[in-house]
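Chain naming here is simple, since letters A, B, ... match the order of the sequence lines and numbering starts at 1 in each.
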Amino acid sequence: MGRGNRRVMTMQVTVELFGIPRARAGVAVTTAVGRCLGDVLADLASRFPELGESCIEGRALRPGYTANVGGERFVTSSDTLLNDGDTVLLLSLDAGG
Amino acid sequence: MHAYHGCYLRVDLTTGSSERIPLEESLLRSYLGGSGLGVAILLRERAAEVEPLSAEASLAFVFSPLVGSPLTTSAKFAVVSKSPLTQRINDSLSSSGFALSGKKTGHDAIVLTGRATEPSVLIIDESGVRLEPAGALWGLPNREAQSRLRERLGADYQVASIGPAGERLVRYATISHDGRHAGRGGSGAVLGSKNIKAIAVRGSHRCSWGDPAALIDFARKLSEKSFGPATAKYRELGTASNLLVFNRLNVLPTRNFQQGSFAGANAVSPEQLGVSREKTRASCAACTIGCEHLYGLRDGQGNVRLEYENLFALGPLCGIDDGEIVLRACQKCDELGLDTISAGGTIAFAMECAERGFLDEPWLRFGDGAALLRALDMIVSGDGIGRMLAEGSRRMAHEIGRETINFAPQVKGLEIPGYDPRGLQTMALGFAVGSRGADHNRSGAYEVDFSQAVDRFNVGPEAAVLAIETEDKAALLDSLILCKFLRGVFTDFFVDSAEMLQLVTGWNVTASELRATAQRIVTDKKRFNILAGWTPAEDTLPERMLNTPLPEDARAMLSSARLSGLVQAYNVARGWTAEGWLPELDD
Ligand code: SF4
């Protein structure tokens, strides 16, 4: 496998954080790597321990949190496949108030 | 009977007389309390057929079986009447000491009918029921009126009042207690039409509980859960933190629903407002969550409670990107006693009418903070355009004509909360069929849109059942009564609710019984509306929100045909006719 191919396998996504995830990570936007939502969450948890502790359990979101891809699809399954360049939003599940 | 007094107090304000009307255990078990019991009492009082601002109209303050128990967030009461804004059922909820002391007067509800001969205060205490002249209290803003009345009567009274908006019969005036409001639909105008500035309650009648020891144990565990992650957003950030999420998803109603995102969102976000401002937290009585976040005004003129709905309605909806103006507008609404969603919605509608030349008000422009504050004052003074603004956007549109009704931001006359239905189409259904009009507290259908269950841009009839589930949960929460912000902590809400109710009442209640109870309550709200003149044509959205996408997102488009299909699926799933009539009333 050449270098170029390896780069394609390591996909990078932009992560926008809102509400509690933003407060815990201390940033509004970051990048993360991974082929699926679980990879991205694990990457974030390793770099933002407070976010990991509050919102992520292993490779999954804790109850009360959700993710959205591209402002369109809401997803919670860790197996959700992502594309290079996707934007993932992390937010609290309770939208109401 | 545990948890109830088994009666309601009916006060005839015309004569000053009052009587205790028995409430049978079977009726209480069927409707519980709060919204449910309120609707049942109003149907009994034949309130659907009368003009809501007439002397004959009834206004019910309704407590619940959980009030006074150690269960967190249970210190709540409902105010139920026919709405002067929508001419349909209106149930608004509020919190704190008035619920606790009101129930301790020895009644499960207090129902007012008639009209006092002069501006008055109603006092209900151990010595009975009496009317006293309101005197100098009439005209005062809420906080001052409440504190002066407590100075006069004693700090052990709890007071609910109307502000100047209720006195002037503004159709979306609130009833205020301790900084919180029974906000939507104009119950403050109903109280004002009865010449009542305030109600003061004090009592010593406590209810017994079915299983006190187990209740205390359950309450302790519930409180512990309420400190957990399910409520972190409410505790740490407050509901206003929705603003940037909604803006990102293009569902933040902006400039009278002309857009779904606002360039100035960051500037008015709580994240930004918190910088260089004093920030404090508060809570309703008997609540372990404490979702209220208050922001200090720059000139030291007080701290203002800020919630998402106030923020969206007095900010982006009116094109305002100045946080200080939004806070001042919120404070004004609190003191005058105005529903912030309807005030913001009606002013935003007027701003668009003025910009498009349908109103000759050159000062009234989107983004102009001084114009917003001036318009709020005019609503209550009745000066100039204020007379029309006080009627709400639907009546205003009918008066202006020129098809402005197509962009009046309302359903059944109630201004739409901060969820753009084009990008949240299960919520669009919830708004369209809502018994009190467009409402996020009676339908939590946005939760479905924020899940994997549907494509929020292309919702099919299968969403109807999911929308019904959120509406039934809300009906039960509003009748038990518990705060909606607690809903995330339950493992199975109906099972947990059955256990709570069993512990307070001693009844052998099951989750399936409570599901049936919730459905009965929703159906009886519909029954009330049918008696009040409901027709299927009301269950829709304004023309602006149909058949045309949001400018930011071509996918955010809801066709009339799709909405009709959703409404029909909802009606059928409810067991009503496809048009929405109740089978037993359908000839
Ligand atoms: S969570 Fe907020 S609204 Fe609910 S009872 Fe507590 S303080 Fe009141």
Side-chain angles (χ1 to χ4, degrees), chain A residues 13-30 36-38 41 44-45 48-58 60-82 86-97, chain B residues 228-251 261 266 269-271 291 307-312 417-419 423-424 427 440-441 443-457 470 474 484-485 487-489 491 552-553 555:
Chain A
V13 299
T14 302
V15 182
E16 296 179 20
L17 302 104
F18 296 89
I20 292 291
R22 180 183 294 191
R24 294 292 185 271
V27 295
V29 186
T30 185
C36 61
L37 182 62
L41 294 174
L44 290 171
F48 300 101
E50 273 192 57
L51 174 72
E53 204 168 301
S54 303
C55 310
I56 299 168
E57 194 158 22
L61 283 166
R62 284 185 186 274
Y65 299 97
T66 190
N68 178 291
V69 182
E72 191 179 341
R73 281 182 300 147
F74 280 91
V75 294
T76 47
S77 165
S78 307
D79 299 332
T80 305
L81 290 175
L82 299 171
D86 270 351
T87 299
V88 175
L89 280 50
L90 289 188
L91 55 141
S92 301
L93 189 58
D94 284 321
Chain B
T231 58
K233 177 183 117 175
Y234 301 118
R235 287 195 317 269
E236 293 184 35
L237 305 170
T239 58
S241 66
N242 289 342
L243 190 89
L244 293 180
V245 178
F246 283 30
N247 191 52
R248 177 63 178 82
L249 296 172
N250 295 330
V251 292
S261 63
N266 248 326
S269 69
E271 289 83 349
C291 71
E307 290 167 24
Y308 170 66
E309 294 298 339
N310 304 3
L311 176 57
F312 114 89
Y419 302 74
L424 298 169
M427 193 69 224
H440 63 295
N441 278 321
S443 170
Y446 54 81
E447 287 176 356
V448 181
D449 291 313
F450 277 78
S451 76
Q452 293 180 105
V454 298
D455 171 358
R456 67 188 176 98
F457 299 117
T470 72
K484 297 210 169 65
F485 298 159
R487 67 194 186 284
V489 310
T491 316
E552 295 93 337
D553 195 334
R555 296 166 303 175

Does any heavy atom of chain A fall under 4.5 Å from the side chain of [X], the backbone, both, or neither of them?
| X | answer |
| --- | --- |
| B/A232 | both |
| B/D553 | neither |
| B/L237 | side chain |

Got a sec: does the CD of B/Q452 have more than 12 other heavy atoms crowding it under 6.0 Å?
-> yes
Bottom line for A/R62: the part with an atom under 4.5 Å from chain B's heavy atoms is neither
What part of A/E72 gets closer than 4.5 Å to chain B, counting heavy atoms only: side chain, backbone, both or neither?
-> both
If we only count heavy atoms from C-beta on, is the A/R22 to B/L244 side-chain gap below 4.5 Å?
-> yes
Give, for atom CD of B/E236 and atom OG of A/S92, the distance between the pair rounded to the nearest 0.5 Å.
-> 9.5 Å
Nearest-0.5 Å distance that lies between atom CG in A/L91 and atom NZ in B/K233 | 8.5 Å
Heavy-atom closest pair, residues A/F74 and B/D449 = CD1-O, 3.4 Å
